[in-house]
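For reference, the structure is listed below as structure tokens.
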Amino acid sequence: MTERADDDAVVVELRQLSRTFGREAPVTALSAVDLVIRRGDHLSITGPSGAGKSTMLNILGLLDRPSAGEYLLDGAPTSPLDDRRRSALRGSRIGFVFQSFHLLPTRSVLGNVLLAFTYGDVPRAERMRRAIGALDRVGLSHRRDFSPVTLSGGERQRVAIARAVCAGPALLLADEPTGNLDRSTADSVLALFDELNADGLTLVVITHDARVADRARRQVRIADGRLTEEPPAAKRSERDRMASA
Amino acid sequence: MKLRELATEALEGVGAKPGRLLISVLGSVVGIGALVLTIGLGQTAAGQLASHFDAIAATHVEAVPAGVRGADGKEHASSPLPTDAVERVTALAGVESAALLGEVPLGGAELTAVPVHDPALAPVTPPAVWAADGDVIGALDGHLQRGRFFDAGHVARGDRVVVLGREAADDLGVHEIDSRPSVFLGTTAYTVIGILDAASTRRELLAAAIIPITAARHDFPGMPPPDTLALRIALGASELVGHQVPIALDSAHPENVSIAAALSTTTLETGVRGDVDTVFFAIGVITLLAGGLGIANVTLLSVSERTGEIGLRRALGASRRQIAGQFVLESLVVGVLGGMVGSATGVAAVVTVSAIRGWTPVLDLTLTLACTALGGAVGLLAGAYPSVRAARIEPAEALRGGAG
């Protein structure tokens, strides 16, 4: 899946990045954001609705362009890239997991995972090997010929995760990945994320859920387009305890 | 992304929802089917007409004096046909009917229903008058509406009888002949004994009056010799007749007589075929346009339905161009499928209609291939706008909706 090499390598770097919408009455979704995400980081992004979380995810995923500032992926600026190159980079370096899974009901579980290779240049035999490996990794290789509609919510999200990681991305972006799942299923999905992160996958999770955010080693909060990094959960609880004492 | 993968994705997309595929294909099936049916029926109908014309052309010929170029550089009739031309050729093998025809120069006289010149009446062009001898009905593939045609007895006696073409009869106000009405050539009365309803090879006779040649010679002494010997011949006898008739008519100079097909089928046939094709083609094109709009509509609907999928594909690395390409290809596949099924349906319909009507189905096979290609072209055009719409969808927005 992902290779662990040079743990300190910077995967994502945002420099004074801003994003505004509209021209006559511009709305600032992100304002002069600086952020560095290193290989193997597990970062959560939290914040109230409309704070800019989705905008952040879209920009990190090369689905949107910043209005100002620079976004460097693997050390290379992304702003000069045209749609074709951005798409190719997205397909090869970034994986997505969505709240609503986005599995194609007309394809099998394996077919959905193989979809990740459609726009890349991985040889056919290699695709199958990697897709089956990814399904094995998420514990669903026995369901590969099933239709996604026959799976539970947790299984569907696992298929989506297999699809997201099978192409070997440098960065996995998860948007409310447990939003449609019950608590125990969510826990199993989060445990899978932990395992993938432990294997070296860089993980950015956008969530409303404090429980999900607390599993990340780094927690970033967005409010009014501004970004502040909070201490990790363990340190935070220790600080809270000292404050109350 | 290779073309093969694009095609695979497009085919998967097309086949993903059979119901939607059926609806979108149905539009082009109806359009192409109607086009093939209308053009096929047009060709079949034209084929029917052609075979009818061919039958007439193969069995009806005319012998006319051959033209010779005179000293003035103009063409003149070499020598008149003999007055007993009908008798001379009737006995020939292959000749089934013969009739001698010549237009009568009236020299100021008019054919009227009443021999009174009424200056109050609006002037009308009087019908032409033809003189004839022999079996006119047989030789001209004619048909009488009423009465009878004059026979050898009338001719021998020089009876003043007349057969009116149906248009001439209408002009003269002659509708019933039981009372033996008369018409007047100048002041000479002729008894109407029949009304000619059809004359395949000499349609102009429907607007004329035909009188026995002997009566014409008597009443119009300056009448030139008849210039046409119309013949109905046995099928396949044209070569024999073409050889023997000139000798029978002018044994010394058979080259003075020329034999030609009785009617120019090409002009008439081309005209009819052209009209039929134009009308049918127009109907087919309009139907096809409707089919194309149907494909565009369903593809547009498909784009709206698949917004989430488009967002997912963009997230997985599809460029805008690849998204557009997939939808164009899907539309093309739908169009080609519609073209194939429509062509097959159209051919089946042409064969069925022809079988019911007892016609020989005539259909240019390249038409079916062309219509399949046309279906593809319609699909391509119909998919253009929806695919642009699909490519413009913002992936971030598209990914907010949809579940799976």
Side-chain angles (χ1 to χ4, degrees), chain A residues 19 54-59 61-65 82-107 111-122 124 127 147-149 151 153 156-157 159-160 163-164 166-167 169 173 175-176 180, chain B residues 1-22 24 302-303 305-327 329-330 333-334 387-404:
Chain A
R19 179 68 170 106
S54 293
T55 305
M56 182 69 143
L57 179 102
N58 293 336
I59 285 180
L62 297 173
L63 296 172
D64 194 8
R65 288 174 182 270
D82 60 11
D83 177 61
R84 190 177 59 82
R85 288 184 178 182
R86 287 167 67 84
S87 298
L89 199 57
R90 192 165 56 237
S92 61
R93 303 297 289 158
I94 302 170
F96 290 87
V97 175
F98 308 101
Q99 179 177 353
S100 49
F101 321 135
H102 284 294
L103 299 178
L104 301 187
T106 54
R107 298 193 187 194
N112 268 280
V113 177
L114 283 169
L115 204 61
F117 299 108
T118 306
Y119 304 99
D121 51 5
V122 179
R124 287 196 160 262
R127 292 178 187 188
S147 166
V149 295
L151 304 183
R156 290 185 199 189
Q157 193 60 299
V159 174
R163 181 182 63 196
C166 67
L173 299 173
D175 186 10
E176 299 285 4
N180 280 354
Chain B
M1 188 187 194
K2 293 173 187 136
L3 190 63
R4 181 182 160 186
E5 275 166 328
L6 187 67
T8 307
E9 289 302 312
L11 284 174
E12 289 244 15
V14 167
K17 290 202 171 177
R20 188 173 60 199
L21 173 67
L22 192 69
S24 51
S302 167
V303 169
E305 269 182 10
R306 292 161 67 188
T307 304
E309 182 192 327
I310 292 166
L312 171 72
R313 287 179 182 277
R314 295 278 282 137
L316 292 176
S319 63
R320 290 183 193 278
R321 184 176 286 193
Q322 285 167 330
I323 294 292
Q326 181 179 336
F327 277 89
L329 210 56
E330 284 187 18
V333 168
V334 170
S387 64
V388 169
R389 281 275 297 268
R392 282 185 185 162
I393 287 175
E394 283 302 325
E397 283 181 25
L399 287 164
R400 276 183 203 138

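Chain naming here is simple, since letters A, B, ... match the order of the sequence lines and numbering starts at 1 in each.
Side chains of B/L6 and A/T118 form no contact here, defined as non-hydrogen atoms less than 4.5 Å apart. Residues B/E9 and A/L115 meet the side-chain proximity criterion, which asks for heavy atoms closer than 4.5 Å.
For the atom pair B/Q322 CD and A/S87 OG, the distance stands at 7.0 Å (nearest 0.5 Å). Atom CG in B/L316 sits 5.5 Å away from atom CZ in A/R163 (nearest 0.5 Å). In this structure, the separation between CG on A/D83 and CD1 on B/I323 is 10.0 Å, given to the nearest 0.5 Å. Taking OG from A/S54 and CG from B/L399, the interatomic distance works out to 10.5 Å, rounded to the nearest 0.5 Å.
Among B/R320, B/R321, B/E309, B/E394, the residue with the largest count of heavy-atom pairs under 4.5 Å with chain A is B/R320. Counting heavy-atom pairs closer than 4.5 Å to chain B, the top-ranked of the candidates A/R107, A/Q99, A/R86 is A/R107.
For B/S302, the side-chain hydrogen bond (donor to acceptor under 3.5 Å, both in side chains) partners at least two apart in sequence or on another chain are B/R306. Among residues two or more places apart in sequence or in another chain, the ring pair (Phe, Tyr, Trp, His ring centres under 6.0 Å) test is passed with A/F96 by A/F98.
A/R93 does not touch chain B: none of its heavy atoms, backbone or side chain, sits under 4.5 Å away. With a 4.5 angstrom heavy-atom cutoff, A/D64 does not touch chain B via any of its atoms. Of the two parts of A/T106, only the side chain, counted from C-beta on, holds a non-hydrogen atom closer than 4.5 Å to a non-hydrogen atom of chain B.
Counting heavy atoms of neighbouring residues, nucleotides and ligands inside a 6.0 Å radius, atom CZ of B/R392 does not exceed 12 of them. By the 6.0 Å contact criterion, CG on A/D121 is open, its count of non-hydrogen atoms from other residues, nucleotides or ligands being 12 or less.
In plain terms, the two heavy atoms of B/E5 and A/F117 that are nearest each other are OE2-O, 4.4 Å.
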